[in-house]
Amino acid sequence: MNSICGILGKSDPAAVREMATAMAHRGQAAYVVDGQGFTVAASHPLDEEPCLIDGFPRSENGEDLGPAGLRALCLAARKPASLRLNGAYAAVVRMRGEWWLIRDRLGIKPLYYYADGGRLLFASELKALLASGYVERQINFASVDHYLALRCVPGPSTIIENVRRVTPGHAVVWSRERVSETSYAQLPGADAVFVTLKSAWQDEAWRAKESARLLKIDLKTVKAPRVSESMFAKAAYHLDEPIGDAGVLPLWMIAEQAVAAMDSGAPQTPAPAGIISAHGADEILAGYPRYRMLQQARTTRNLVPVNLLTAILPSLPPNAFVRRGGRYLSLIRDNVRAYLSLASVFDKAERHEIYTGPMREAIKDRPTVAEVIAPHFNHENAVENLLALDLHLGLPDLLLTECDRLMSAHGLELEFPYLDDDLVQFAVALPPKVKYGMQSKPLLRLAMKGRLPGRIRLRARRGFRVPQSGPSLRVIEQAARQILTRERIEESAMFRWSFVSQILSGWTHNIYRRRQFWSLLMFFAWYREFMED
């Protein structure tokens with residue numbers, strides 16, 4: 001992998017070297033060009049007219065583009081909207097009198113930027129911008145509010161005020177000290193193809209071995225290291241922004257073990273260039289059970305006595321499932337509010353309760369969570385809305401972000417077969433009803449018929465589980481005592497300790513409390529690393 005960074009509008013080699021040093025784990029940006037009014041650095045050689053690349057951009061016909069090829073393609077396009085690119089990449093290209101910051105359409109590769117008057121700073125990671133000395137460490141409180149609902153900070157905003165991410169499939173143009181953004185590589189519409197199809201920390205070692213045997217793959221299995229308290233600090237630092245996903249720790253352990261396995265391999269066996277990840281399959285092929293469940297719930301909306309349900313909601317038991325289920329049904333005619341009432345980590349009422357007065361005041365005129373996700377809820381079909389939300393928020397801002405940062409911290413590159421351009425083009429164009437059925441990912445299961453046995457091909461989808469007992473749980477609880485302290489919570493001035501303490505005392509008892517616990521734990525692990533001296 002590569003790292004890219006730079007300052008446009010000012011020459012400052014010392015600051016750019018500090019930025020590069022902060023990202024040394026993803027590839028030392030040792031090649032520096034200090035020009036008239038700019039300094040940039042990358043992990044690959046640069047010309048006097050720099051084109052900096054992280055990843056592997058390809059032309060429409062599949063040709064790999066190096067820096068020279070990408071710059072030539074940009075010059076031929078003349079304007080970003082005319083670009084036609086495939087692959088996983090982030091790039092910064094110097095054009096005639098302007099600079100283009102471009103990012104692949106799925107957001108596989110990261111690219112942050114900060115514009116301040118006559119300067120624009122960019123980098124592969126947020127920590128590099130902070131290392132420059134030009135960016136103030138000021139929390140974006142609206143992003144905190146969005147994070148507590150969605151488990152991640154939805155782009156293009158970030159957790160730091162005035163720092164932004166380049167939107168996937170967009171180009172940020174910096175010209176004459178002005179910043180503009182334009183789309184050039186959006187996903188295809190969902191009405192291009194119509195297909196009909198009849199309805200038809202767990203141990204996965206045995207399934208992996210059985211699949212490898214049938215597919216004739218030489219598989220070596222190794223045990224992951226144990227969870228340690230230090231993992232929280234390391235993961236929080238390398239994530240750049242808080243991500244409230246318990247899967248962060250298993251991913252970190254997988255990366256650690258992958259590096260160890262490569263290092264301990266026989267000298268005559270070359271280490272693999274990267275790791276294959278199945279991320280993206282659920283998002284493009286409707287793998288999550290919620291797609292089917294929420295769509296089925298919407299088919300009953302005309303049967304729900306909304307006025308009566310709304311009237312009795314305050315008297316329902318204080319059980320999260322009962323309260324949220326009732327709220328969902330009462331709002332079922334409002335796509336956005338109904339989804340958030342059920343799926344938010346902290347729903348609107350809970351966020352209001354956990355916030356201090358100053359925090360409520362700080363976000364009252366900022367975009368709400370509902371306003372942020374509303375552009376993805378344009379369809380009557382609930383599945384289409386959820387697929388759009390996952391493709392444009394869940395993938396780039398949560399799953400791919402954590403994969404890139406955690407693997408890059410170990411010097412690893414991830415490959416995503418399910419995010420191949422041709423497969424994405426095909427899958428996104430399928431009608432939603434083709435993508436979900438009684439089981440998740442029916443198309444993928446059908447495609448594997450005859451290749452994998454039914455006990456593997458038809459098994460239920462499973463995500464990472466947080467240990468509920470044993471040594472791992474004790475490590476997590478000890479880390480929580482060190483991170484979620486009353487002193488830290490109150491000094492942040494954002495959250496009320498009385499509400500946080502309720503979550504700490506009951507987080508193992510239901511799924512909503514567990515998700516809230518992890519969101520707070522990862523937020524304050526990040527806060528400790530980035531906001532405290």
| task | Please report the C-alpha distance between L121 and Y113 in whole Å, then the side-chain angles of each, then the deciding distance to 0.1 Å, and finally whether the side-chain contact (heavy atoms from CB on, under 4.5 Å) criterion is met. | result | CA-CA 5 Å; L121 284 72; Y113 70 97; over 6 Å; no
| request: Validate the cation-pi geometry between K127 and Y237: distance from NZ or CZ to the six-membered ring centre under 6.0 Å, angle to the ring axis within 45°. | output: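 Flagged: K127 positioned over aromatic ring of Y237.
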| message | I want to check a possible cation-pi pair here: R513 against F346, using under 6.0 Å from ring centre and within 45° of the ring axis as the test. | response |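 Negative - R513 is either too far from the ring of F346 or too far off its axis.
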State whether the side chain of [X] and the backbone N or O of [Y] hold a donor-acceptor pair below 3.5 Å, judged by distance alone.
X    : Y    : answer
D104 : G169 : no
N378 : P375 : yes
R360 : H352 : yes
D54  : S124 : no
R496 : E353 : yes
T485 : Q482 : no
S519 : R151 : no
E371 : T368 : yes
N140 : S143 : yes
D347 : S341 : no

| query | Does atom CZ of R528 have more than 12 heavy-atom neighbours, drawn from other residues, nucleotides or ligands, at distances under 6.0 Å? | reply |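 Yes.
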| After noting the C-alpha distance and the side-chain angles of E161 and R366, does the key distance pass the salt bridge (charged side-chain N to carboxylate O under 4.0 Å, His left out) rule? | CA-CA 12 Å; E161 194 74 58; R366 306 293 288 272; 3.1 Å; yes
| message | Please determine whether side-chain contact (heavy atoms from CB on, under 4.5 Å) holds for the pair L398 and L393, giving the CA-CA distance in whole Å, both sets of side-chain angles, and the decisive distance to 0.1 Å. | response | CA-CA 7 Å; L398 197 159; L393 191 155; 5.7 Å; no
| request: List in chain and number order the residues that pass side-chain hydrogen bond (donor to acceptor under 3.5 Å, both in side chains) with S505, two or more places apart in sequence or in another chain; answer none if no residue qualifies. | output: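 Checked S505 against side-chain hydrogen bond (donor to acceptor under 3.5 Å, both in side chains); zero matches.
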| How would you list, by chain and number, every residue that makes a side-chain hydrogen bond (donor to acceptor under 3.5 Å, both in side chains) with R488, sequence neighbours excluded? |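 With sequence neighbours excluded, R488 shows a side-chain hydrogen bond (donor to acceptor under 3.5 Å, both in side chains) to E532, given in chain and number order.
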[atom1]/[X] to [atom2]/[Y] distance, rounded to the nearest 0.5 angstrom?
X    : Y    : atom1 : atom2 : result
L340 : D334 : CG    : CG    : 9.0 Å
L412 : H25  : CG    : NE2   : 12.0 Å
K234 : S228 : NZ    : OG    : 6.0 Å
L239 : W252 : CG    : CH2   : 8.5 Å
M407 : E402 : CE    : CD    : 9.0 Å
L400 : F416 : CG    : CZ    : 5.0 Å

With a 4.5 Å cut-off on side-chain heavy atoms, are [Y] and [X] touching?
X    : Y    : result
R137 : L130 : yes
D404 : I108 : no
P156 : T167 : yes
L520 : L484 : yes
R105 : P168 : no
F232 : I476 : yes
I276 : P417 : yes
L150 : D397 : no

| request: Could you verify whether a donor N or O on one side chain and an acceptor N or O on the other, from H410 and Q257, lie under 3.5 Å apart? | output: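 Their side chains do not contain a donor-acceptor pair, so the 3.5 Å distance test is not met.
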| task | Give me the ring orientation class for Y355 and F495: parallel if the planes are under 30° apart, tilted from 30 to 60°, perpendicular past 60°. | result |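 Taking F495 first and then Y355, their aromatic rings lie parallel (interplane angle under 30°).
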| query | Between W526 and F530, how do the two ring planes meet: parallel, tilted or perpendicular, split at 30° and 60°? | reply |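 Ring orientation, 0 to 90° scale: parallel.
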| field | K364 and E361 ion-paired at < 4.0 Å | value |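 E361 and K364: salt-bridged.
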| field | Note: D145-R351 ion pair, threshold 4.0 Å (strictly below) | value |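 Between R351 and D145 there is a salt bridge, with a charged N closer than 4.0 Å to a carboxylate O.
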Smallest separation among heavy atoms of [X] and [Y], with atom names:
X    : Y    : answer
I160 : V135 : CG2-CG1, 4.3 Å
P154 : C152 : CD-O, 3.3 Å
N162 : Y114 : O-CD1, 3.4 Å
L111 : R103 : N-NE, 4.2 Å
P367 : H146 : O-NE2, 2.8 Å
C5   : M23  : CB-CE, 3.8 Å

| request: Could you walk me through whether H392 and E283 pass side-chain hydrogen bond (donor to acceptor under 3.5 Å, both in side chains), step by step? | output: CA-CA 10 Å; H392 295 93; E283 287 71 24; over 6 Å; no
| Does the pair W507 and Q516 meet the rule for a side-chain contact (heavy atoms from CB on, under 4.5 Å), with working shown? | CA-CA 8 Å; W507 74 274; Q516 292 170 351; over 6 Å; no
| query | Are Y339 and F377 an aromatic pair by the rule of ring centers under 6.0 Å? | reply |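 Yes, close enough.
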| task | Kindly state whether the ring of Y147 and the ring of F141 have centres lying under 6.0 angstrom apart. | result |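 For Y147 and F141, the ring centres are not under 6.0 Å apart.
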| task | Would you sort out whether S492 and F524 count as a side-chain contact (heavy atoms from CB on, under 4.5 Å), showing the intermediate values? | result | CA-CA 9 Å; S492 75; F524 278 101; 3.9 Å; yes
| request: Tell me, with the steps shown, if E229 and R481 meet salt bridge (charged side-chain N to carboxylate O under 4.0 Å, His left out). | output: CA-CA 11 Å; E229 288 185 48; R481 285 192 287 271; over 6 Å; no
